[in-house]
Number of protein chains: 2
Amino acid sequence: MTRILVVDDEPQIRRALRTSLASHGYDVQTAGTGEEGVVGAAEGGPDLIFLDLGLPDLDGTEVIRRVRSFSDVPIIVLSVRDRQADKVAALDAGADDYVTKPFGMEELLARLRAQLRRAQPEEAGPAVLRFDELEVDLARRLVTLEGEPLHLTKTEYALLEALVTNPGKLLTHQWLLQKVWGRGYAEESQYLRVYVRALRRKLGDAASAPRLILTEPGVGYRWIAGPEPGPS
Amino acid sequence: MTRILVVDDEPQIRRALRTSLASHGYDVQTAGTGEEGVVGAAEGGPDLIFLDLGLPDLDGTEVIRRVRSFSDVPIIVLSVRDRQADKVAALDAGADDYVTKPFGMEELLARLRAQLRRAQPEEAGPAVLRFDELEVDLARRLVTLEGEPLHLTKTEYALLEALVTNPGKLLTHQWLLQKVWGRGYAEESQYLRVYVRALRRKLGDAASAPRLILTEPGVGYRWIAGPEPGPS
DNA sequence: CCGGTGCGTGAAGATCCCGTAAAAGTGGCT
DNA sequence: AGCCACTTTTACGGGATCTTCACGCACCGG
C-alpha cells in the first residue's frame, strides 16, 4: 500500500489529512516536528511526504534539505505563506510542489496522484551509512565511531555529509566549498584545509596514510571507503 | 540547452514568457493552438511544456492526453480557472503542475526547475571507459590499472581525459596544449613530451611499442585502444 | 656523410599547495 | 559583561607538482 507521511504541528490538520487520505486507500503516518519528520522519512520509507512549513523546531527548507540528503521521495509543501520567496526557497531546496493553505482536498489528492505517477521508480538509499567502525545517520545527523557518539560542529557535519554521500567520487574544492559554505566561497580553499583537518582528527584518519579522506593535490578530496573496498 | 515549449493563444503571454525564459538561458519555442502544441511537442522534443488551458481549438485536458500518448515530458498548466474540478481534471489527465494566472515569474521559474530536476535522470551515460586492464571513470575522475587505483596529477589526468575522449583521432600538439593548459601555451610542446612520458610510464606504455598513446611525428598524438581499434 | 630537427628521457630548480597550529573574530548564553 | 563554542584568519614548514634545462637518439634531406 502507498505510504504517506504527514508532517504538521497542528493535530487538527494531521487528523483531517489522515482521515481523508486513509479513506482513499493510503497508509498514513504522521509526525509533529521537523526532527520526527526527518526520522520518519528515513525509517518509514514513505512514498510521499506532506510537509507543513511552519514547524516549531526546524525551518521548513531545512527539513527538505535533510530529507533530500538520503531520499528522493516526493515532497509536497503545505503552507499558509503565500509569498513567492517562500515558494522559491522551498522548491529550490528540493520540494516538488507547494500548496497554499487553505487548500481543497480534491486538488490535494490530484496533486498527490500527479507526484506519485512521476516518482514511480522508487529508490530509497539507506539513511545510515557504515564505514568500518564509523556510522553516519543522515536522518538524525548522528555520527558514531566505534559505537561512541562523535560530536561534530555544523560545518564539520556538512562537509562529512557531502563526502559520504558521494563515495569514490573526486569532489573539487569549488564543489565542496559551494556545497558546504554556499555560493561566493569558491576561493576560500583554506577553509577546506582547516575543516578536513578537523574531520580527520576526529575520525581518526591521517593525511599521510588516508583510510577515509584522500587528498587529490590541486583538485580536491575523495571519500575512499564503503561497500566496495577492493581487497588487497 | 534546455528546450521549453510554450502553448498559449495570447501573443502577449507568449512574448512575456519567451523573454523571461530566454533570459534565464532556456531555448523557447511557442505554439498558438492546441494542434500546433501537440505537433510541436512531438517534433521539437521539448524538455518541458507550459500549457494554457484556454485554447480556442482543443480542450486543455485533450491536449494533455494527446501529448501523453507519445511523451512523458513534464507539463505545467497555466490557467485562469481556479476551480478545483479544473485542476483535478488537468492533473489526472497527465499534467505535472497547475499554476493559476496571474502568476509570479519567480515562482514559475522555481516550479520549472523542480519539474526539470525530477525529469533529469534520463541521461546516464556510461561514464566509465575500458581499455584492456585500464579503466577511466570520467564521473568519479578515477583511473584504475589492473584493478588498482592509479594516482594521476591534475595535469596528467587532464591530458589522459583529452586522449581517451577522442579515441582514434589525431590530436595535434596545438589542440592538446590548448585543451590541457589553456590558451597561450600553443608553443610549449616540451610540456607535452614531459607529460606524455609521465602518462606512458604510469600506464605501462612504451613509446617504442605503443599500445595506448601513439606518436605522430611532427603533428601530435593519437589514442589507440578501445572498442574501435582502427586497422593498420 | 653530416648537420638539423623533433622526440624521449632524466633530473634539478622554482612554485604552488597542503597540513598543521594557533591567534583573532563572532555570536549565543548565563 | 564574561564565558564558551565555533568560525575565520594568519603564519609557516614540507612536500608534491610544475617548469625548465640538458642530453642522447632517430630520422631526413642535402
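Atom CG of D205(A) is separated from atom P of dG19(C) by 11 Å (rounded to the nearest Å). Across the protein-nucleic acid pair, I213(A) atom CD1 and dG19(C) atom C1' stand 13 Å apart, rounded to whole Å. Rounded to whole Å, atom C1' of dT15(C) lies 12 Å from atom OH of Y191(B).
For the side chain to side chain contact (heavy atoms under 4.5 Å, CB included) test, residues two or more places apart in sequence or in another chain that qualify with P56(A) are D9(A). The side-chain hydrogen bond (donor to acceptor under 3.5 Å, both in side chains) search around K202(B) returns E156(B), not counting sequence neighbours. Not counting sequence neighbours, E133(A) has no partner by the side-chain hydrogen bond (donor to acceptor under 3.5 Å, both in side chains) test. Shown here are the side chain to side chain contact (heavy atoms under 4.5 Å, CB included) partners of E161(A), two or more places apart in sequence or in another chain: S69(A), L138(A), R141(A), Y157(A), T165(A). Under the side-chain hydrogen bond (donor to acceptor under 3.5 Å, both in side chains) criterion, Y98(B) pairs with S79(B), not counting sequence neighbours. For the side chain to side chain contact (heavy atoms under 4.5 Å, CB included) test, residues two or more places apart in sequence or in another chain that qualify with R193(B) are S189(B), Q190(B), Y221(B). Taking the side-chain hydrogen bond (donor to acceptor under 3.5 Å, both in side chains) definition, one finds that R68(A) meets it with D96(A), sequence neighbours left out. Partners of E216(A) by side chain to side chain contact (heavy atoms under 4.5 Å, CB included), not counting sequence neighbours, listed by chain and number: L170(A), L214(A), V219(A), R222(A), H151(B).
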Can you pull every protein N or O that's under 3.5 Å from an N or O on nucleotides 7-9 of chain C?
residue	atom	partner	partner atom	Å
dC7(C)	OP1	G218(B)	N	3.0
dC7(C)	OP2	R193(B)	NH2	3.4
dG8(C)	OP1	R200(B)	NH1	2.9
dG8(C)	OP1	T215(B)	OG1	2.6
dG8(C)	OP2	Y221(B)	OH	2.8
dT9(C)	O4	Q190(B)	NE2	3.0

Taking only nitrogen or oxygen atoms into account, show me every contact under 3.5 Å that the protein makes with nucleotides 5-7 of chain D, one pair per line with its distance.
residue	atom	partner	partner atom	Å
dC6(D)	OP1	H151(A)	NE2	2.6
dT7(D)	OP1	T155(A)	N	3.2
dT7(D)	OP1	T155(A)	OG1	2.4
dT7(D)	OP2	T153(A)	OG1	2.9
dT7(D)	OP2	Y195(A)	OH	3.0
dT7(D)	O5'	Y195(A)	OH	3.0

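Atom CD1 in I49(A) sits 10.5 Å away from atom CD1 in I76(A) (nearest 0.5 Å).
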Classify every nucleotide of nucleotides 24-30 of chain D by which part a protein heavy atom approaches to under 4.0 Å, writing B for the base, S for the sugar-phosphate alone and - for neither, in 5'-to-3' order.
-------
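Sorted by first and then second residue, the ring-ring contact (aromatic ring centres under 6.0 Å, His included) pairs involving residues 192-216 of chain B (not counting sequence neighbours) are W181(B)-Y195(B).
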